[in-house]
Each structure stands twice: as C-alpha cells, then as structure tokens.
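Taking it in order: structure first as structure tokens, then the write-up.
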Amino acid sequence: MLWLVVAALAVRQMAVVLRQPPGERLTDLETWIGENGVLHVTGSLYDTDRFTGTPFAGLVLKPLARTAEQSLGVAWTFGSLLLVAALGIIAARALPSPVSRRTTLLAAPVAISLLMLSLPVRNALNLGQTSILPVLLVLVACFTVRGERASGVLIGIAAALQPAVLLFAVLLWLTGRRRAALTGGVAFAACTALAWAAMPHDSWTYWVHHVAGAGLGDQADSLANQSLHGALLRFGLEGPLEIALFLVLAAAVCWFGLRRATRYARDGQLLLAVAVTGCVAVAVSPTAWQHQLLWVLLAVVGRVGKRASDRMVWPAVVVLVITLPGKMLLPNIEAVFPVRDNVLLIAALGAACAAPFLPRTSPHWQQPVPTAYAAPVPARWSRVPLLPVWRRVLSRPNLLLELLLIRVVYSAYQYVRLAATADRATAEHHGRQIHSAEQWLHIDFEHWVNHTVVSVTWLRDFFDYYYSTFHFIVPLAILGVLYVRRPADYRWVRSSIGFATLLALVGFWLYPLAPPRLMPGLGFIDTVHGVQDFAKPDYGTLTGVTNQYAAMPSLHFGWSLWCGVVIVMLAPKVWMKLLGVLHPLFTVSTIIATGNHWVLDAVGGATVVALGFGLTHVLSGPRRLQEPEPAAKAAGPPAVTRPPDGMAVSDPVPRVSGEAPAGKA
C-alpha cells in the first residue's frame with residue numbers, strides 16, 4: 001500500500017510539472033538552457049544573476065545543455081524523481097540498528113513519500129534545480145561506497161556543486177576518517193581549479209565578487225533564504241555589523257553542531273550525524289534557498305524524549321515544518337512573524353544545536369517510559385463497534401505538538417472552506433429551499449427577529465459584538481482549561497469538536513447556502529457587515545478571507561452548543577453549568593438576529609455536534625474511567641506515582657483530576 005502511495009505521489013508530481021505551460025515550468029532550468037539561456041551564451045554565467053550555481057556546476061551542465069533542452073520536462077523530472085527514490089532507499093537502509101522487521105519494511109516507502117511531499121523536493125522539481133544531487137552524493141559517500149578514497153571524492157564533488165557541503169569533510173576528520181577528509185578537500189580543490197581554469201572570469205565573479213555565491217539570484221533578505229545571513233538581514237541589520245555578527249554566530253553553530261554530529265557518529269547514529277552536519281551547513285551558508293534545505297528532513301531520524309508519549313513530537317514537528325508553509329503553522333499575528341518567516345532556519349538550528357537526541361546507550365532508546373492508559377470501559381450498547389486500539393490516555397498531550405496540530409487542522413479547515421465555493425445562483429436557490437421548508441414548518445421567524453433587533457440599538461450592538469467575539473474565545477478557553485486541569489477529558493473533548501468540524505466541511509462542500517442577509521428580495525438587514533449591494537455580481541464575497549456561502553451547518557451555533565454540553569458535563573459549580581446553557585441560547589439568537597443564518601442552519605450545527613460526540617464515543621468509549629488492570633499496574637513504577645495533573649498521591653493507580661471513581665460517574 002505504501003509503495004502504491006509512492007507511485008501515486010510520483011505520478012502526481014510529474015503531472016504538476018508537465019501541466020504547466022513551457023514558459024512556466026522548470027523556470028530555473030529554462031533560464032539556464034532555454035533559448036539564449038546562460039549556458040548557451042559565450043559570456044559570463046553570472047551576467048544576469050539567473051544562474052546561482054558554482055562555476056563547476058556550470059561546467060558540468062554545459063555539455064548537457066542541448067540534451068536537457070530537447071528533453072526538457074519529462075526526462076528531467078523523471079530523472080529527478082529517480083534521485084529522490086534512491087535518496088529515500090539509502091536513508092532507510094542507514095537507520096541505526098537495531099531495527100525491527102516492521103521498520104525495515106516500512107522505512108523505504110515512508111522515506112520516499114516524505115521526501116516527495118517536502119517543500120525542498122517539490123521546489124527543486126518545479127524549478128528544475130539540481131540541489132537533490134549533492135545530498136545524494138553525501139549519503140552515497142557515507143553509506144554505500146567502500147573505501148576512504150571513493151567517499152572523499154564524492155564529498156568533494158558534492159562540495160564543488162554546493163560549497164557548504166565541505167563541512168562534511170570536517171565531520172570525516174573529526175570522526176577519525178582523515179584520509180577520506182583529505183581526499184574530499186583535494187577533490188573539491190581539483191574540481192574548483194578545473195572550473196577556474198576553464199572559466200576564470202566566472203570563477204572570480206562567483207568566489208570573490210559574490211563571496212561564494214552570496215547575492216546571486218533573489219535578494220539575500222528574501223524569505224526564501226533560510227540562512228542566518230538572511231535572517232539577520234530581515235531583522236534590519238546590515239553592513240559591517242551584520243557581517244561580523246553573522247560570522248560569530250556561524251562559528252558558534254559550526255562549533256556546537258559539528259561536535260554534536262561527531263558524538264552521534266561515534267554513537268552509531270551516522271545518519272543523524274549527517275543530518276546535523278547538513279543543518280549546520282544550511283544555517284552558516286550565505287544563502288540557503290528552499291530547495292537546498294533537504295537536510296532538515298533527514299533530522300527526523302533523531303529520537304527525542306524519554307516517554308513514549310513524547311517520542312513522536314520531534315518527528316511530527318520536523319515533518320510539519322518541512323512539508324507545510326509557515327503561514328499554515330503559525331497564525332497571521334505580527335508578533336509571531338519573526339518565527340513564521342524563519343521557521344525552517346529555526347528547525348535547522350534546533351537539529352544542529354538544541355534538540356536533545358538520545359544516545360543509543362540510553363535505557364530509553366529502545367524502551368521509553370510507557371504511557372498510562374485507562375482500562376477500557378464497555379460500551380453502553382453492545383452493538384457499538386468500539387475500536388480496541390483507541391485507548392484513553394490519562395496524561396495530557398505535548399503542548400507544542402498539540403498547538404501545531406490544532407493550527408494545521410484549522411488552516412486546512414479554512415482552505416477547504418474557501419475551496420467549497422459555489423456560484424451565486426446555486427447558493428440562492430438553496431436559500432429559497434431552506435426558506436420554503438421553514439415556512440412549511442412555521443419556523444420562518446428570522447425576518448421578524450432581524451427587524452425587531454435592528455430597531456433596538458443597544459440590542460443590535462450586543463448581538464453584533466457577541467457574533468464577532470465569542471465564537472472563538474469560548475471554545476479556546478474551554479480547551480485551555482481542560483488541558484491544564486483535566487487532561488484525559490481534554491482528549492475526548494478535543495476529538496469531538498474536531499469530528500464535528502470535519503463533518504461541517506462536508507456540508508459546506510455539498511450544500512452551499514446563501515444566508516438570509518445575502519438573499520435579495522427578502523428584506524433582511526446585515527447588521528454585522530453592512531448593507532449589501534445586490535446589483536453587483538460579487539457582492540456575496542465581501543472579502544477573500546472567508547466563504548460567505550458556508551452557512552449549512554452553522555458552526556457558530558454548533559461550536560457554542562459543543563461548549564454548552566462540555567460545560568454542563570464537566571463544570572463543578574451550578575452557576576457554571578447555567579452559563580454553559582446560556583451560551584448556545586445567546587448564540588442562536590445572535591445568528592438569527594444578525595441575519596447570518598437560518599433556523600435550520602442551527603439544526604444542522606446541532607446535528608454535526610451530536611455526530612461528533614457519537615463518533616468520539618464509538619472510538620474511545622464512555623467518558624468515565626476505570627482503574628488500570630493489573631497488567632497495566634505492573635508496567636508502571638511500583639512506588640508512588642504522579643497523576644497527569646502533577647499532584648502526588650499515595651495510590652499507585654493514576655486517576656485524572658475531576659474524574660469520579662469507577663461506577664460513580
């Protein structure tokens with residue numbers, strides 16, 4: 001199945017490239033070898049700043065220019081995909097031992113799939129860049145070829161194509177492979193000298209005038225440059241101060257990073273050592289474009305965390321950072337722009353200098369501290385197919401990973417919601433259907449409520465404020481409180497609202513619906529957004545941020561109902577439960593009074609929330625927890641344990657704060 005996924009991703013990537021018009025695909029490659037490309041002209045490679053490779057790269061590519069031009073598209077992309085496949089297979093075979101049989105079977109297709117989904121590979125394939133080749137040469141030198149001389153030659157050639165890769169010669173030296181390190185340095189010098197002899201003017205331009213290519217291509221302060229030099233420029237530093245600070249930081253990163261890489265290599269984690277060295281090269285290079293950041297993904301092999309529940313945090317963070325743009329990982333808030341704009345650099349620095357990777361000698365390398373699970377509770381109805389593998393975890397999830405996943409899921413939700421657009425006629429036709437159904441049911445009182453509220457200024461202002469404010473604040477507050485105070489409840493509560501939101505997306509996609517305020521001829525007043533000009537064809541868009549026809553079901557009411565149910569179930573005080581009941585009542589009044597939803601939209605919101613709770617019940621069972629079974633007790637420490645909320649107890653059986661004992665829920 002995984003190999004089928006690999007094949008599907010390869011076909012999709014080929015289709016993405018080949019569907020583009022000839023002038024828009026492989027844009028970097030076309031500027032090098034296309035009509036009047038820099039590899040065809042007799043002048044300098046760097047006259048137009050379109051070519052950013054080393055002179056040796058130009059020397060190697062020039063003989064291939066005519067062939068590549070004739071086969072531009074299929075052959076180049078297919079060859080690049082073969083390089084990616086070879087890279088994934090070598091990386092999978094280089095995993096540090098011991099490796100289980102299951103890992104051996106799954107490693108190669110998973111590695112190739114992650115490589116194809118990563119931003120560096122996608123960028124390299126779309127632009128026609130050659131940045132995959134240096135990474136492959138390094139892996140072949142470290143894991144495939146035999147002999148110090150062959151390894152050194154491959155490292156030297158890779159460094160001649162991408163100068164920062166010369167740091168791997170330093171790694172070879174520090175790990176005792178001094179002959180390979182010297183051979184790599186000699187091979188790099190020989191390739192560079194050959195290019196200098198063949199193209200002296202180009203070599204002077206690249207190595208001296210542009211200082212190893214700095215300044216070629218895009219601006220150095222571009223977001224695409226994820227090096228320390230680019231980050232300092234984006235922070236507003238420039239001139240001698242910026243250069244001095246960059247050199248100091250680069251020296252520090254090299255010192256710490258290469259020492260760490262040496263330690264991991266001697267520990268038997270050579271693939272991790274290669275990844276750490278590559279991340280150092282990314283950070284200290286004057287320019288590290290997105291297609292050159294493949295080293296960051298290789299750092300996924302590092303093991304971080306002594307507990308089993310934390311073991312997947314580092315791989316998940318690396319995969320999210322390397323496959324998704326920064327705008328999906330962090331919200332559009334100015335305070336987090338420095339992190340969002342440099343997220344790949346931060347990941348590279350984390351792998352190089354900060355991530356506490358476990359050594360193989362650690363007792364937690366193979367056997368991390370097990371996760372505390374509650375004993376499964378039988379379903380109230382015997383025919384409900386509870387999944388036995390979905391067990392209730394007593395501890396809270398990792399905060400960093402939880403925030404990242406929530407942000408990514410919400411970004412995907414926004415993307416799908418925007419993609420589920422429909423034409424105005426379809427949305428208004430569905431609006432007339434809903435209005436007719438409500439008239440038949442005698443619940444079409446939206447118009448009367450809307451005009452009554454408009455006539456009372458203070459009431460209109462209250463509903464407008466409530467509509468635009470509490471939709472996000474209340475659910476986030478509930479999730480935050482439960483995460484801190486009742487972690488086991490947090491998990492099923494979070495899952496239920498997630499299922500409800502996914503089901504709502506299906507409704508947005510299948511049944512685009514114009515809300516009352518966007519129905520011409522019915523006389524509704526839009527109190528939140530202002531008067532709409534129905535004569536304009538695009539009046540219903542309002543902004544490019546949200547889909548105005550995503551009205552059925554109403555998540556405004558659905559989320560508020562979810563909040564009310566959770567508060568009533570879990571709040572310890574009666575007055576809190578009363579507030580929980582009032583919130584969905586205020587919300588349904590608000591969405592009707594402001595003309596943003598039909599009554600049946602609220603019914604749809606209640607339906608998806610009920611289904612969300614039902615799916616959670618089917619997967620994880622009833623809410624109440626039972627004490628772990630004796631086998632689970634034996635797996636834990638025999639002494640006093642600490643429950644997830646951090647309060648020490650004398651009972652060795654963990655119990656979540658706020659949960660009733662078995663049989664008393």
Side-chain angles (χ1 to χ4, degrees), residues 6 9-10 13 28 52-53 57 77 79-95 107-108 110-144 154-155 157-159 161-168 171 224-227 230 257 261 270-285 287-302 314-315 317-326 342-352 355:
V6 170
L9 289 173
Q13 189 58 57
D28 284 3
T52 60
T77 305
S80 300
L81 289 173
L82 289 179
L83 295 181
V84 172
L87 189 61
I89 292 173
I90 295 174
R93 295 180 60 184
L95 292 175
V110 169
I112 298 173
S113 299
L114 289 177
L115 287 169
M116 289 187 180
L117 290 173
S118 67
L119 293 174
V121 168
R122 283 153 50 193
N123 193 269
L125 291 173
N126 292 334
L127 296 177
Q129 283 283 354
T130 59
S131 51
I132 301 172
L133 185 57
V135 182
L136 180 61
L137 289 174
V138 170
L139 291 189
V140 171
C142 293
F143 302 106
T144 303
L154 291 176
I155 294 289
I157 295 175
L161 296 173
Q162 192 172 322
V165 175
L166 193 60
L167 285 173
F168 283 94
L171 176 66
N225 180 15
Q226 289 291 307
S227 69
L270 184 55
L271 182 58
L272 178 58
V274 169
V276 170
T277 306
C279 289
V280 172
V282 166
V284 304
S285 177
T287 53
W289 307 117
Q290 190 177 80
H291 55 82
Q292 298 173 334
L293 304 181
L294 199 53
W295 305 105
V296 179
L297 180 58
L298 296 180
V300 76
V301 300
W314 172 254
V317 170
V318 172
V319 170
L320 289 175
V321 166
I322 206 68
T323 57
L324 299 177
N342 302 285
V343 65
L344 285 168
L345 171 62
I346 293 173
L349 289 174

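Basis for what follows: all heavy atoms, side chains included, without hydrogens, waters or symmetry-related copies. These figures come from a predicted structure and were not determined experimentally.
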Legend entry - With Leu137 via side chain to side chain contact (heavy atoms under 4.5 Å, CB included) - residues at least two apart: Leu133, Leu154, Ile157, Ala158, Leu161
Legend entry - Selection residues 113-124 - residue pairs positive for side-chain hydrogen bond (donor to acceptor under 3.5 Å, both in side chains), sequence neighbours left out: Asn123-Gln290
Legend entry - Validation row: Leu125, Val121 side chains within 4.5 angstrom (heavy atoms): yes
Inset, instruction - Please report the closest heavy-atom contact between Val274 and Cys142, naming both atoms and the distance. - result: CG2-SG, 3.9 Å
Legend entry - Euclidean distance, Leu117 CG relative to Ile112 CD1, rounded to 0.5 Å: 12.0 Å
Legend entry - Contact check, side chains of Ile90 and Leu136, non-hydrogen atoms, under 4.5 Å: yes
Legend entry - Euclidean distance, Leu345 CG relative to Leu349 CG, rounded to 0.5 Å: 4.5 Å
Inset, instruction - Would you confirm whether Trp314, through its side chain, and Ala351, through its main-chain N or O, come within 3.5 Å as a donor-acceptor pair? - result: no
Inset, instruction - For the pair Asn225 (side chain) and Trp289 (backbone), establish whether a donor and an acceptor sit closer than 3.5 Å, ignoring hydrogens and angles. - result: no
Inset, instruction - Can you measure from CG (Leu119) to CG (Leu293) and round to the nearest 0.5 angstrom? - result: 9.0 Å
Inset, instruction - Nearest 0.5 Å please: distance from the OG1 atom of Thr323 over to the CG atom of Leu114. - result: 8.0 Å
Inset, instruction - Nearest 0.5 Å please: distance from the CG atom of Leu139 over to the CZ atom of Phe168. - result: 8.0 Å
Legend entry - Any Met116 side-chain heavy atom under 4.5 Å of Gln13 side chain: no
Report all side-chain donor-acceptor pairs from residues 275-284 shorter than 3.5 Å, counting only partners two or more places apart or in another chain.
| from | atom 1 | to | atom 2 | distance (Å) |
| --- | --- | --- | --- | --- |
| Thr277 | OG1 | Ala273 | O | 2.8 |

Legend entry - Heavy-atom side-chain proximity of Leu344 to Ile322 below 4.5 angstrom: yes
Inset, instruction - Mind listing the closest non-hydrogen atom pair of Leu95 and Val301 along with its distance? - result: CD2-CG1, 3.8 Å
Legend entry - NE2-CG distance between His291 and Asn126, expressed to the nearest 0.5 angstrom: 11.5 Å
Inset, instruction - Could you pull out the closest heavy-atom pair between Leu171 and Ala261, with the gap in Å? - result: CD1-CB, 3.8 Å
Inset, instruction - List the atom of Pro134, the atom of Trp295, and the distance in Å for their closest heavy-atom pair. - result: O-CH2, 4.5 Å
Inset, instruction - Could you check if a side-chain atom of Val135 sits within less than 4.5 angstrom of a side-chain atom of Leu298, using non-hydrogen atoms only? - result: yes
